[in-house]
Amino acid sequence: MSNINVEQLEKLLAEGKQEEVKNLLQDYLSQDLSEADKGSTYLNLASIYMQVVNKFNKRYLDSLNNAIEAIKDINREGQVIDDKAALSIARAKIKAS
C-alpha cells in the first residue's frame with residue numbers, strides 16, 4: 001500500500017485543482033487492499049483530511065487576526081485624531097472667551 005503525498009494534496013487544494021485532487025484520491029483508494037489495510041487506509045485519509053483542514057483553518061485564523069490588528073491600528077489612529085480635534089476645539093473656545 002503506497003501512501004498519499006499530503007504536501008502535494010495540500011498544494012493542489014490551495015491551487016483549486018479539484019479534478020487533480022479527485023484523481024489523486026481515486027488512485028490512492030483504487031489500490032488492492034486487504035481487510036487489514038482498509039481500516040488503516042480510512043484512518044490515514046481521516047488524518048490527511050484533518051491536517052489539510054487544520055492548515056486552512058490556521059491560515060484563515062491568521063488572516064482574521066491580521067485584519068483585527070489592522071482595525072485596531074486604524075481605531076488608535078482615529079482616536080489620536082479625535083483627541084487632537086477635541087483639544088483644538090477646547091483651545092479655540094478658550095481663546096474665544
Notebook entry, point to check: Step by step, would you call Glu69 with Asn65 a side chain to side chain contact (heavy atoms under 4.5 Å, CB included)?
Noted result: CA-CA 6 Å; Glu69 288 305 314; Asn65 286 332; 5.7 Å; no

Next item on the list: Report the C-alpha separation of Asp73 and Arg76 in whole Å, then their side-chain angles, then the decisive distance to 0.1 Å, and conclude whether the salt bridge (Lys or Arg N to Asp or Glu O under 4.0 Å) test is met.
Entry: CA-CA 5 Å; Asp73 289 343; Arg76 280 190 289 271; 2.3 Å; yes

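Within a 6.0 Å radius of CD in Gln18, no more than 12 heavy atoms belonging to other residues, nucleotides or ligands are found.
A salt bridge between Glu7 and Lys11 is absent, with no side-chain N of the basic residue lying under 4.0 Å from a carboxylate O of the acidic one.
If you take OG on Ser88 and CD1 on Ile81, they are separated by 13.0 Å, rounding to the nearest 0.5 Å. Distance check: Lys84 NZ to Arg91 CZ gives 10.5 Å after rounding to the nearest 0.5 Å. Rounded to the nearest 0.5 angstrom, Glu15 CD and Glu20 CD are separated by 8.0 Å. Note that the CD1 atom of Ile68 and the CG atom of Leu61 stand 8.0 Å from one another [nearest 0.5 Å]. From Gln79, atom CD reaches atom NZ of Lys72 across 15.0 Å, with rounding to the nearest 0.5 Å.
Side-chain atoms of Ser63 come within 3.5 Å of backbone atoms of Arg59 as a donor-acceptor pair (strictly under, hydrogens ignored). Of the possible polar contacts, none joining the Ser47 side chain to the Leu43 backbone as a donor-acceptor pair under 3.5 Å is found.
Cluster annotation: Tyr49 is not connected to Leu12 through the hydrophobic network of ILVMFWY side chains, with a link wherever side-chain heavy atoms come within less than 4.5 Å. Leu25 and Val53 are not part of a single hydrophobic cluster, where members link through side-chain heavy atoms under 4.5 Å apart.
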